[in-house]
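Only one structure is covered here, and it is reproduced in the block below.
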Amino acid sequence: MERITHWIGGCADDGGSAAVEPPDGAGPARTIPVVDPATGRQRAELAMGDAQTVDRAVQAATQAQRAWGRSSLVTRTAVMFRLRQLLIDETETLARVISAEHGKTVEDAVGEIRRGRETVDFVCGIAAASKGEFTAEASTGVDVHQFRQPLGVVAGITPFNFPAMVPLWMHPVAIATGNAFVLKPSERDPSASMVVADLYRRAGLPDGVFSVVHGDKEVVEAILDHPGIAAVSFVGSTPVARSVQQRGVAAGKRVQALGGANNHAVVLPDADIAFAAAQIASGAFGSAGERCMAVPVAVAVGTAADPLVEELARLASAVVVGPGDRPGVEMGPLITRASRDRVVELVSQAVDGGAHTVVDGRGLVVEGYEDGFFVGPTVLDRVTPPMRVYREEVFGPVLAVVRVETFEDALDLVNASPFGNGAAVFTASGEHARRFTHEVQAGMVGVNVPIPVPVAYSSFGGWKQSLFGDHHAHGPEGVRFWTRQKVVTTRWPQQHGAGGDGVGATSPVVADLTFPHGPA
């Protein structure tokens, strides 16, 4: 049975197992099973950390960051270029690790890695992205310049649905700006983070600058409370995001906490229905609907409803479901048995409440994988806002179709949602597209694009209960989150020597030494 350990100080750290000498003060490591969701069987055991594990990681990170934070931008960029190439070289290996633990198809995992790698592409230009500003002669003989410096040791707490991409949205920016980073990945699919840790080692990152600590609530709380950690980035459900932000801020940390989503795609009668349906189906059923930017709600406006539902039914029925490493499979299982059971329950409640079952994936059994956590693509028509399948983030391959009469009705419905991660509109009307982009209350908007996730040189983040904190993730916003600004005001009085050679004594004070509006 494979054993997955922590990564501290540039190497695997078993946290005190019998196989290695335990660190000072550490007892035997607690372990939990890591399960293959396609088979339902255990594939590895994971060493779980505690507050002592977090402290060991922070101590190693603190020591490493002192030198790393003073290293040149050339040095940091060189590491990131090497990491980028290693991610390209090892894409297939990393994708299969993700598929085995998460359940998504290998092809989907490859796409996840490529999107995560975009952040590494961005930080390969960190010298440009982190430039400061300079103002000459702010007052006579006085110059002002400002620049950004790393925070120190920072941390990320990431979800199961993108075990490579979401961490890659965090740690490359944090590390390229001079911080040391402690990652707490999901305990459901932890191996991708260990692969990336080894890639950092191979790229030449100094030991201790990147650490991985596995665990559950105890480790999360230790990260949020540890005085040696200056900032935390989190992605997860809205209730946990709110709690993480409040606890981290109370401990004096900078926190960005990205919460849940219930993204809507509005389809107007003038849209290309076949195109819209294909895009929405991909957004709803890709990665078994376990994306924070999935499309679980289609809002059909007026006469668009019937043809849209018909086309969605055809597309959902054609999706090939099975284990993620099987060629030709388009959708894998859900991450856990509990996740599968919850999705089935939400669908059943909606049907009992009056929703129409257009395509029903609740009874799906994959031959040879009868113990896997599979739910087939499901399309529900005539869903209403009071239903749980509409109100909650389903995180499964379920598409709820809500019918409204007008564009205004659709816009009001989207804006009434407590979530504001993303929203999309399908239309041929520039007027409606412009109104939607300006009036919809969401942080990321797509026009004829179902999953409007920005490229990495932009920034990712939602509104309302989808984000707690001031900064969005990666891109320029990421640089600002992982650094703090320093402003320097400089004056160099003219020097005069006793013999008039310009060296030695200080000149008389010039008249204009204050700013135009008086002393600061």
Q.
With rounding to the nearest 0.5 angstrom, report the CG to CD1 distance, L94 to I113.
A. 3.5 Å
Q.
Test your reading of the model: is there a side-chain donor-acceptor pair from S287 to the backbone of G289, 3.5 Å cut-off?
A. no
Q. Taking the side chain from T105 and the backbone from V329, do they hold a donor-acceptor pair closer than 3.5 Å?
A. no
Q.
Any side-chain to backbone donor/acceptor pair from K184 onto G156? Under 3.5 Å, distance only.
A. no
Q. So, do V344 and V375 sit near enough that their side-chain heavy atoms are less than 4.5 Å apart?
A. yes
(Q) Apply side-chain contact (heavy atoms from CB on, under 4.5 Å) to residues R382 and V401 and explain how you reach the verdict. (A) CA-CA 6 Å; R382 301 188 184 277; V401 179; over 6 Å; no
Q | Side-chain donor/acceptor of S99 to backbone N/O of A95, under 3.5 Å | A | no
(Q) Does this structure show an ion pair linking R96 with D325, if we count only N-O contacts that are shorter than 4.0 Å? (A) no
(Q) Are P377 and M331 packed together at the side-chain level, in the sense that at least one heavy-atom pair is separated by less than 4.5 angstrom? (A) yes
Q) Aromatic ring centroids of H432 and F407 under 6.0 Å? A) yes
Q. Parallel, tilted or perpendicular: which describes the rings of Y200 and F210, with under 30° parallel and over 60° perpendicular?
A. tilted
(Q) Could you report the tightest heavy-atom contact between E45 and M1, atom names first, then the distance? (A) N-CG, 4.1 Å
(Q) Closer than 4.0 angstrom, basic N to acidic O: yes or no for E408 and R435? (A) yes
Q) Do you see a donor-acceptor pair shorter than 3.5 Å between the side chains of T427 and D270? A) yes
Q. Any chance CD of E405 has more than 12 other-residue heavy atoms, nucleotides or ligands included, within less than 6.0 Å?
A. no
(Q) So does V320 get a backbone contact from the side chain of E330, meaning a donor-acceptor N/O pair under 3.5 Å? (A) yes
Q) Say you draw a straight line from CD1 of I8 to OG of S211; how long is it, rounded to the nearest 0.5 Å? A) 6.0 Å
(Q) Test salt bridge (charged side-chain N to carboxylate O under 4.0 Å, His left out) on E311 and R314; report intermediate values, then the result. (A) CA-CA 5 Å; E311 185 65 11; R314 184 186 70 81; 2.6 Å; yes
**Q.** Listed partners of T336 passing side-chain hydrogen bond (donor to acceptor under 3.5 Å, both in side chains), at least two apart
**A.** S339
Q. Does F436 have its ring centroid less than 6.0 Å away from the ring centroid of F426?
A. no
Q | Rounded distance [0.5 Å steps], CD1 in I88 versus CZ in R114 | A | 10.0 Å
Q: Identify the heavy atoms of P450 and P452 that sit nearest to each other, and give their distance.
A: O-CD, 3.4 Å
Q: Decide, yes or no, whether a salt bridge links K104 with E107 under the criterion of side-chain N to carboxylate O below 4.0 Å.
A: no
Q) Is the F181 ring parallel, tilted or perpendicular to the W482 ring (thresholds 30°, 60°)? A) perpendicular
Q: Given side-chain contact (heavy atoms from CB on, under 4.5 Å), test M48 with T31 step by step and report yes or no.
A: CA-CA 5 Å; M48 298 289 276; T31 64; 5.8 Å; no
Q: Using the six-membered ring wherever Trp is involved, compare the ring planes of F395 and F160 and label them parallel, tilted or perpendicular (cut-offs 30° and 60°).
A: perpendicular
Q) Does the distance from a Lys or Arg side-chain N to an Asp or Glu carboxylate O, for R291 and D108, drop under 4.0 Å? A) yes
Q. Less than 4.0 Å between a side-chain N and a carboxylate O, is that true for D371 and R41?
A. no
Q. Is the number of heavy atoms from other residues, nucleotides or ligands under 6.0 Å of R434 CZ greater than 12?
A. no
Q: Check whether more than 12 heavy atoms from other residues, nucleotides or ligands sit under 6.0 Å from atom CG of D341, and answer yes or no.
A: yes
Q) Side chain of S466, backbone of G420: donor and acceptor closer than 3.5 Å? A) yes
Q: Taking all non-hydrogen atoms of both residues into account, name the closest pair between V343 and V394 and its distance.
A: CG2-O, 3.9 Å
Q: Evaluate side-chain contact (heavy atoms from CB on, under 4.5 Å) for Q349 paired with M387, printing each intermediate quantity in order.
A: CA-CA 8 Å; Q349 287 185 359; M387 295 177 181; over 6 Å; no
Q) Does the distance from a Lys or Arg side-chain N to an Asp or Glu carboxylate O, for E112 and R115, drop under 4.0 Å? A) no
(Q) Check this for me: R254, atom CZ, are more than 12 non-hydrogen atoms of other residues, nucleotides or ligands nearer than 6.0 Å? (A) yes
Q.
If I compare all heavy atoms of A288 with all of G332, which pair ends up nearest, and what's the gap?
A. CB-O, 3.8 Å
Q. Salt-bridged, R43 to E101, with N to O below 4.0 Å?
A. yes
**Q.** Short side-chain to backbone donor-acceptor contact, N263 and A423, under 3.5 Å
**A.** no
Q | For the student: nearest non-hydrogen atoms of R340 and L334, plus distance | A | CA-CD1, 3.5 Å
**Q.** Audit row: H102, N161, side chain to side chain donor-acceptor pair (under 3.5 Å) steps and yes/no
**A.** CA-CA 7 Å; H102 176 278; N161 58 332; over 6 Å; no
Q) Picking from D409, D306, T384, what satisfies side-chain hydrogen bond (donor to acceptor under 3.5 Å, both in side chains) with R403? A) D306
Q) Any idea which heavy atoms bring P33 and Q42 closest together, and the distance? A) CB-CD, 3.4 Å
Q: Please assess V297 against Y390 for the test side-chain contact (heavy atoms from CB on, under 4.5 Å), listing each intermediate value before the final yes or no.
A: CA-CA 7 Å; V297 180; Y390 173 81; 3.8 Å; yes
Q. Taking K253 for the side chain and V154 for the main chain, is one N or O donor matched with an acceptor at less than 3.5 Å?
A. no
Q: Hey, could you give me the CH2/NE2 distance between W169 and H472, rounded to the nearest 0.5 Å?
A: 12.0 Å
Q: For N415 and E439, indicate whether the former's side chain and the latter's backbone hold a donor-acceptor pair under 3.5 Å.
A: yes
Q) Distance from H171 atom NE2 to S233 atom OG, nearest 0.5 Å? A) 11.0 Å
Q) Does Q256 reach the main-chain N or O of H471 with its side chain, forming a donor-acceptor pair under 3.5 Å? A) yes
Q: Mind checking the OG1-CG spacing from T378 to L346? Nearest 0.5 Å is all I need.
A: 11.0 Å
